[in-house]
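Everything on this sheet refers to the single structure shown next.
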Amino acid sequence: MTIFQFPKDFRWGTATASYQIEGAAQEGGRGVSIWDTFARTPGKVFNGDNGDVACDSYHRYEEDIELMKKLGINTYRFSIAWPRIIPDGDGEINREGLDFYHRFVDKLLEAGIEPFCTLYHWDLPQTLEDDGGWGNRRTVDAFVKYAEVIFKEFSGKINFWLTFNEPWCIAFLSNLLGIHAPGNRDLQTSINVAHGLLVAHGKAVQSFRRLGITGQIGIAPNVCWAEPYSKSPEDQAACDRSIALNTDWFLDPIYKGSYPQFMVDWFAEAGATVPIQEGDMEIISQPIDLLGINYYTMGLNRFNPEAGVLQSEEVDMGLTKTDIGWPIESRGLYEFMHYLQKYGNVDVYITENGACINDDLNNGKINDDRRISYYEQHLAQIHRIINDGINLKGYMAWSLMDNFEWAEGYRMRFGLIHVDYRSLVRTPKESFYWYQNVIKNNWLETRS
Ligand SMILES: N=NNCCOCCOc1ccc(-c2cn(C[C@@H]3NC[C@@H](O)[C@H]3O)nn2)cc1
């Protein structure tokens with residue numbers, strides 16, 4: 001057994017997102033999002049599940065906050081649903097939507113929990129997607145309008161801001177692979193989306209500074225850490241492409257003001273170019289204050305000309321997997337955080353990390369020992385990272401509770417709290433109590 005002591009001011013939290021937990025999809029003046037549409041498209045979401053009810057947190061947020069207090073977290077990452085604030089995307093402001101989030105944030109603050117707000121966690125108003133989505137500058141301008149409304153409303157209440165969650169998922173999972181909403185399968189479209197959201201990010205940061213909003217702002221890329229299957233240059237290059245599409249494709253423009261040239265050249269070979277307009281890169285590379293990093297797994301990649309646009313395939317090495325099929329390898333988090341240092345020792349928060357473990361209730365308890373083991377391994381790596389002098393400031397477990405896991409619907413459970421989707425009863429799992437103890441002690445004690 002080893003004790004890993006965390007810094008005194010280290011932030012401990014959990015994370016969720018609006019479409020995944022709120023429900024009340026047709027209440028409070030909320031407009032239609034691309035996920036309402038996608039979930040209703042036959043074959044897109046397991047079992048035809050959708051976010052109409054989800055965890056009903058729109059109505060049960062006070063109960064959820066009581067559970068957060070019981071858990072002992074001091075930070076809670078959530079997202080605001082743009083369709084609740086400006087239902088048709090760039091028209092009238094919906095006061096009822098703002099009032100809901102004021103009630104929610106006030107309750108968080110009352111509980112001594114720091115709100116950590118994501119402006120965009122994938123629920124784009126459908127009207128904007130109908131008019132070209134992130135590839136259309138109208139959507140970029142609409143996002144800036146939405147962001148400014150939120151900044152002005154919540155300045156002083158919210159001090160930690162993220163513009164976008166997982167830009168790789170928004171651009172490539174959703175517009176190249178077609179697995180998430182809106183389900184396009186086109187390389188040029190996905191590159192246009194990536195560029196549009198980067199410009200929107202930069203413009204929102206400019207507004208944040210111009211309006212003198214208090215607090216810090218950043219973005220939350222999801223990581224695809226990978227190591228080459230062999231020492232061959234082809235496998236190393238395939239690995240580099242896989243990592244770069246999740247990380248460098250977004251962080252080079254933000255921190256360096258230009259896209260990674262080797263990837264621009266790679267896509268040019270595939271006939272796709274980045275639609276850069278005059279001044280875009282200066283806008284995108286506005287200085288930011290923090291990075292959110294979402295880490296789940298890592299892979300061993302090798303070159304395969306048949307393996308998609310990156311010609312990079314993951315090799316199954318027989319590692320233990322979570323119930324969603326992702327290998328459990330915490331080492332990738334440590335390696336990635338050192339890779340990230342090429343952008344400088346920036347302030348980083350782990351804004352998502354967790355395991356899909358579908359254990360169900362058994363005599364009123366959920367003995368999710370595999371989830372505890374996952375967290376134990378990953379928190380030990382977090383301690384290593386901090387010990388190496390990297391500015392890792394906090395950790396938010398994904399997720400507070402089981403919720404709508406996108407194309408997987410409700411069958412995949414990431415929560416520290418079990419949700420019965422019929423009764424909506426919340427039941428803390430054994431991992432909840434384990435994490436509660438880590439937070440209370442501010443140290444990790446490995447069990448072996
Ligand atoms: N790279 N090529 N892949 C080839 C084929 O991939 C097929 C599937 O791909 C993926 C990749 C990544 C994800 C994913 C899900 N979460 C969890 C959510 N994070 C934000 C929060 O809302 C959580 O629910 N994070 N990442 C899903 C599917």
Side-chain angles (χ1 to χ4, degrees), residues 122 134-135 164-198 219-256 258-276 284 293-317 319 321 324-327 329 331-333 335-336 338-340 342-343 406-407:
W122 308 355
W134 288 106
F164 289 91
N165 181 70
E166 298 187 348
W168 176 86
C169 288
I170 300 168
F172 298 103
L173 184 63
S174 307
N175 290 281
L176 174 62
L177 301 176
I179 293 170
H180 280 190
N184 296 318
R185 295 175 188 275
D186 177 73
L187 176 60
Q188 187 60 60
T189 301
S190 61
I191 288 172
N192 297 348
V193 167
H195 189 66
L197 74 86
L198 279 170
I219 190 168
N222 59 305
V223 163
C224 163
W225 187 247
E227 289 173 354
Y229 176 70
S230 79
K231 297 289 187 192
S232 73
E234 295 76 18
D235 285 358
Q236 182 60 63
C239 205
D240 293 346
R241 292 193 295 274
S242 190
I243 293 169
L245 196 57
N246 283 64
T247 308
D248 307 45
W249 191 258
F250 299 98
L251 296 190
D252 273 26
I254 290 173
Y255 284 108
K256 297 181 178 175
S258 62
Y259 282 92
Q261 195 55 47
F262 81 104
M263 292 299 290
V264 171
D265 297 341
W266 182 266
F267 287 140
E269 284 295 306
T273 54
V274 189
I276 298 173
I284 293 171
I293 292 296
N294 296 354
Y295 177 89
Y296 289 93
T297 183
M298 68 168 277
L300 271 175
N301 281 54
R302 69 182 171 193
F303 172 65
N304 175 351
E306 307 302 316
V309 74
L310 296 184
Q311 299 182 5
S312 175
E313 77 171 343
E314 233 171 278
V315 182
D316 183 341
M317 299 296 285
L319 288 176
K321 297 182 178 65
I324 202 170
W326 300 348
E329 182 45 272
R331 210 173 37 79
L333 177 55
E335 298 302 335
F336 175 78
H338 279 279
Y339 178 81
L340 196 63
K342 69 178 183 173
Y343 298 110
W406 308 113

The reported gap from CZ in Arg331 to CD in Glu227 (rounded to nearest 0.5 angstrom) is 4.0 Å
For Leu197 versus Phe164, what's the shortest heavy-atom pair and its separation? O-CE1, 3.3 Å
Give, for atom CD1 of Ile219 and atom CD of Glu166, the distance between the pair rounded to the nearest 0.5 Å. 11.0 Å
Give the C-alpha distance, both sets of side-chain angles, the deciding distance and a yes or no for side-chain contact (heavy atoms from CB on, under 4.5 Å) between Trp168 and Leu245. CA-CA 7 Å; Trp168 176 86; Leu245 196 57; 3.8 Å; yes
Flag side-chain contact, heavy atom, 4.5 Å: Phe172 against Val193: no
So with a 6.0 Å cut-off around CD of Gln261, is the heavy-atom count from everything else above 12? yes
Check: Tyr255 and Asp248 side chains under 4.5 Å, non-hydrogen atoms: no
Quick one, Pro182 and Asn175 - any side-chain contact, counting heavy atoms below 4.5 Å? yes
Which heavy atom of Thr273 sits nearest a heavy atom of Asn192, and at what distance? O-OD1, 4.3 Å
Plane angle bin for Trp406 and Trp122 - parallel if under 30°, tilted between 30 and 60°, otherwise perpendicular: tilted
State the CD-CD distance between Glu335 and Glu329, to the nearest 0.5 angstrom. 9.5 Å
Between Phe336 and Thr247, is any pair of side-chain heavy atoms under 4.5 Å apart? yes
I'd like to know whether Asn222 forms a side chain to side chain donor-acceptor pair (under 3.5 Å) with Asn294, so could you lay out the CA-CA distance, the side-chain angles of the two residues, the decisive distance to 0.1 Å, and finally the verdict. CA-CA 5 Å; Asn222 59 305; Asn294 296 354; over 6 Å; no
Exam field: side chain Trp249 to backbone Ile191, donor-acceptor pair closer than 3.5 Å: no
Output yes when a side-chain donor or acceptor of Ser190 lies under 3.5 Å from a complementary backbone atom of Leu187, and no otherwise. yes
Just so I know, are the side chains of Tyr229 and Glu234 near enough to count as touching, which here means a heavy-atom distance under 4.5 Å? no
Sub-4.5 Å side-chain heavy-atom contact between Leu310 and Met263: yes
Below 4.5 Å, heavy atoms only, C-beta onward: do Leu340 and Leu251 meet side chain to side chain? yes
Working to the nearest 0.5 Å, report the span between CG of Leu176 and CD of Gln188. 11.5 Å
What heavy-atom pair brings Phe250 and Leu198 nearest, and what distance separates the two atoms? O-CD2, 3.8 Å
Return the orientation label for the Tyr259 and His195 ring planes: parallel under 30°, perpendicular over 60°, tilted otherwise. tilted
Taking it one step at a time, do Asp235 and Ser230 satisfy side chain to side chain donor-acceptor pair (under 3.5 Å)? CA-CA 6 Å; Asp235 285 358; Ser230 79; 2.7 Å; yes
What are the two closest non-hydrogen atoms of Arg302 and Ala238, and how far apart are they? C-CB, 3.7 Å
Please report the shortest heavy-atom distance between Pro327 and Thr297, naming the atom on each side. O-OG1, 2.5 Å
Do the non-hydrogen side-chain atoms of Cys224 and Ile243 ever get within less than 4.5 Å of each other? no
For Phe267, does the CZ atom have more than 12 heavy-atom neighbours from other residues, nucleotides or ligands under 6.0 Å away? yes
Shortest non-hydrogen contact from Asn301 toward Glu314: OD1-CG, 3.5 Å
